[in-house]
Participant: 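One structure, pasted below without further comment.
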Number of protein chains: 2
Amino acid sequence: MKYSNATNYALHTMVYLTIQEGEKLVGVQELADMQRLSPTYLSKILTKLAKGGLIESTPGAKGGYKISRTKHEISFLDVINAIEGDTSLFDCTLHHEGCLIENVMREAEENMKTELKSKLLIDIAREAEARQFKGK
Amino acid sequence: MKYSNATNYALHTMVYLTIQEGEKLVGVQELADMQRLSPTYLSKILTKLAKGGLIESTPGAKGGYKISRTKHEISFLDVINAIEGDTSLFDCTLHHEGCLIENVMREAEENMKTELKSKLLIDIAREAEARQFKGK
DNA sequence: ACATTAAAGACTCTTAATGTCTGTAATTAA
DNA sequence: TTAATTACAGACATTAAGAGTCTTTAATGT
Ligand code: SF4
Ligand code: SF4
């Protein structure tokens, strides 16, 4: 029970794209080099992010990816959901009416997700930039 | 990224054992029937719970399982950890100094876990009994 | 036209989860 | 002492998901 590596790659990618300035397009090659991944593999992850509306892609020469226009609202949860899907961690298919076990699990998971929803990429990106500026 | 079925089985088993009265021993056969599982498979799960100190086993004829003496302190988190291990959900092996991504993920996970730690089996068991009593 | 780039899909490989089967050791009952 | 019952351990098979590669297609700019 772990988050997939793909989620990790997606988060790195998203932070990287968030930091980019202006409308500059970044190709999958650059993103893959940064994380030492195969471009084709990362490509699938990027497609998921694009389908989730978190990034925008431009095909063709000089094409690439850039962060979505909703840049300032994208949370960690958004990224995770785009990759992992937004299914519940605890999946009892039976769903008995008013199940106490499900209630506990769901509530706990909810606590995690509200936290992930409150953390925005833009904040992390700013913090990362600030550190770099301080030379730390 | 889901909790394993084993965790589900473990939770049901633990609630069931918590509800048992006195020191009555319950065999794996009964526990397996209850959940419509193969006894041998459930046996492995029970062994994990026993190793985790959540239940106590007695071998031999008339043997079986009963809830641990720490009955009143066992939380959902205890059960989950006994089955899934207590590793982190987000496993970046690199662990860069002061990583912002890890910080966010760890904090969110912590929120879930504190919730799971606060929920005790005994409370769920009591609630379940109360419902039964009310005929609901 | 040609080079570049994202997108899609088929495919393989690896790993973890799920589950079965068989045998062993401990305990009780006869 | 023997037999039945039960937990425990380990080998094994099956399945499902994740991780990753390769090839082809479509879109875009030069
Ligand atoms: S009681 Fe809850 S967890 Fe158990 S089978 Fe029913 S719905 Fe699932
Ligand atoms: S920055 Fe954080 S998440 Fe990324 S590789 Fe380093 S430790 Fe892992």
Side-chain angles (χ1 to χ4, degrees), chain A residues 1-13 17 23-33 35-68 80 82-85 87 89-93, chain B residues 1-13 17 23-33 35-68 80 82-85 87 89-93:
Chain A
M1 157 72 174
K2 281 189 200 311
Y3 278 111
S4 66
N5 293 348
T7 294
N8 184 323
Y9 303 147
L11 286 170
H12 281 93
T13 302
L17 289 178
E23 299 288 295
K24 183 159 151 270
L25 293 180
V26 182
V28 65
Q29 189 61 59
E30 178 178 343
L31 293 166
D33 288 348
Q35 307 178 59
R36 289 160 218 259
L37 282 178
S38 103
T40 39
Y41 179 44
L42 183 58
S43 176
K44 298 171 89 168
I45 295 170
L46 290 166
T47 300
K48 278 192 180 180
L49 293 173
K51 289 226 169 108
L54 305 188
I55 60 178
E56 293 170 23
S57 68
T58 312
K62 288 288 177 182
Y65 297 91
K66 67 168 193 281
I67 194 85
S68 155
I80 292 170
I83 303 299
E84 306 267 346
T87 65
L89 261 63
F90 184 77
D91 68 332
C92 181
T93 50
Chain B
M1 155 70 178
K2 279 191 203 307
Y3 278 111
S4 66
N5 293 348
T7 294
N8 185 321
Y9 303 146
L11 286 170
H12 281 92
T13 301
L17 289 178
E23 298 288 295
K24 181 157 151 274
L25 293 179
V26 182
V28 65
Q29 189 61 59
E30 179 177 344
L31 293 166
D33 287 348
Q35 306 179 59
R36 290 160 217 259
L37 284 179
S38 104
T40 40
Y41 180 43
L42 182 59
S43 176
K44 299 171 87 167
I45 295 171
L46 290 167
T47 299
K48 277 191 182 182
L49 293 173
K51 290 223 170 114
L54 305 187
I55 60 179
E56 293 169 23
S57 68
T58 310
K62 288 289 178 179
Y65 297 91
K66 67 168 193 282
I67 194 85
S68 156
I80 292 171
I83 303 299
E84 307 264 348
T87 65
L89 262 65
F90 184 77
D91 69 331
C92 180
T93 50

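Every chain is numbered from 1 and lettered A, B, ... according to where its sequence line falls, protein lines coming before strand lines.
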Participant: Between Asn8(B) and Phe90(A), does the side chain to side chain contact (heavy atoms under 4.5 Å, CB included) criterion hold? Intermediate values first, please.
Facilitator: CA-CA 8 Å; Asn8(B) 185 321; Phe90(A) 184 77; 3.8 Å; yes

Participant: Just how far is it from atom OH of Tyr65(B) to atom OG of Ser43(B), taken to the nearest 0.5 Å?
Facilitator: 4.5 Å

Participant: Rounding to a whole Å, what distance do you find between Leu42(B):CG and dT20(C):C1'?
Facilitator: 14 Å

Participant: Specify the residues of residues 45-55 of chain A, ordered by number, for which at least one heavy atom lies under 4.0 angstrom from an atom of DNA chain C.
Facilitator: Thr47(A), Lys51(A)

Participant: Counting heavy atoms not belonging to Lys2(B), are there more than 12 under 6.0 Å from its NZ?
Facilitator: yes

Participant: To the nearest angstrom, how far is Asp33(B) atom CG from dT6(D) atom C1'?
Facilitator: 15 Å

Participant: Hey, what do you get for OG1 (Thr40(B)) to NZ (Lys44(B)), rounding to the nearest 0.5 Å?
Facilitator: 8.5 Å

Participant: Rounded to whole angstrom units, what separation is found between the CG atom of Asp91(A) and the C1' atom of dA17(C)?
Facilitator: 13 Å

Participant: Quick one: pull up CG in Leu37(A) and OG1 in Thr13(A) and give me the separation to the nearest 0.5 Å.
Facilitator: 7.5 Å

Participant: For the OG atom of Ser68(B) and the CG atom of Leu17(B), what is their distance to the nearest 0.5 Å?
Facilitator: 11.0 Å

Participant: Report, as a single string ordered 5' to 3', how protein heavy atoms within less than 4.0 Å touch nucleotides 23-29 of chain C: B base, S sugar-phosphate only, - not at all.
Facilitator: ---BBS-

Participant: With a 3.5 angstrom cut-off on both distances, give the Watson-Crick or G-U wobble partner of dT24(D), or none if there isn't one.
Facilitator: dA7(C)

Participant: Quick one: closest heavy-atom pair of Ala10(A) and Ile45(A), and the distance?
Facilitator: CB-CG2, 4.0 Å

Participant: Working to the nearest 0.5 angstrom, can you tell me the gap between Leu89(A) CG and Leu89(B) CG?
Facilitator: 6.5 Å

Participant: Between Asn8(B) (CG) and dA17(C) (P), how many Å, whole number?
Facilitator: 15 Å

Participant: Could you tell me whether a side-chain N or O of Gln29(A) sits under 3.5 Å from a main-chain N or O of Pro39(A), the two making a donor and an acceptor?
Facilitator: no

Participant: Are Leu49(A) and Ile83(A) packed together at the side-chain level, in the sense that at least one heavy-atom pair is separated by less than 4.5 angstrom?
Facilitator: yes

Participant: Can you measure from CE (Met1(B)) to CD1 (Ile80(A)) and round to the nearest 0.5 angstrom?
Facilitator: 7.5 Å

Participant: Tell me the interatomic distance from Tyr65(A), atom OH, to dT28(D), atom P, rounded to whole angstroms.
Facilitator: 14 Å

Participant: Rounded to the nearest angstrom, tell me the gap between atom CG in Leu89(A) and atom C1' in dA17(D).
Facilitator: 16 Å

Participant: Measure the distance from CD on Glu30(B) to C1' on dT6(D) and round it to the nearest whole Å.
Facilitator: 14 Å

Participant: For each nucleotide in nucleotides 18-24 of chain D, reading 5' to 3', give B when a protein heavy atom comes within less than 4.0 Å of its base, S when such contact involves only the sugar-phosphate, and - otherwise.
Facilitator: SSBBB--

Participant: In whole angstroms, how far is the C1' atom of dT28(D) from the CG atom of Leu25(A)?
Facilitator: 12 Å

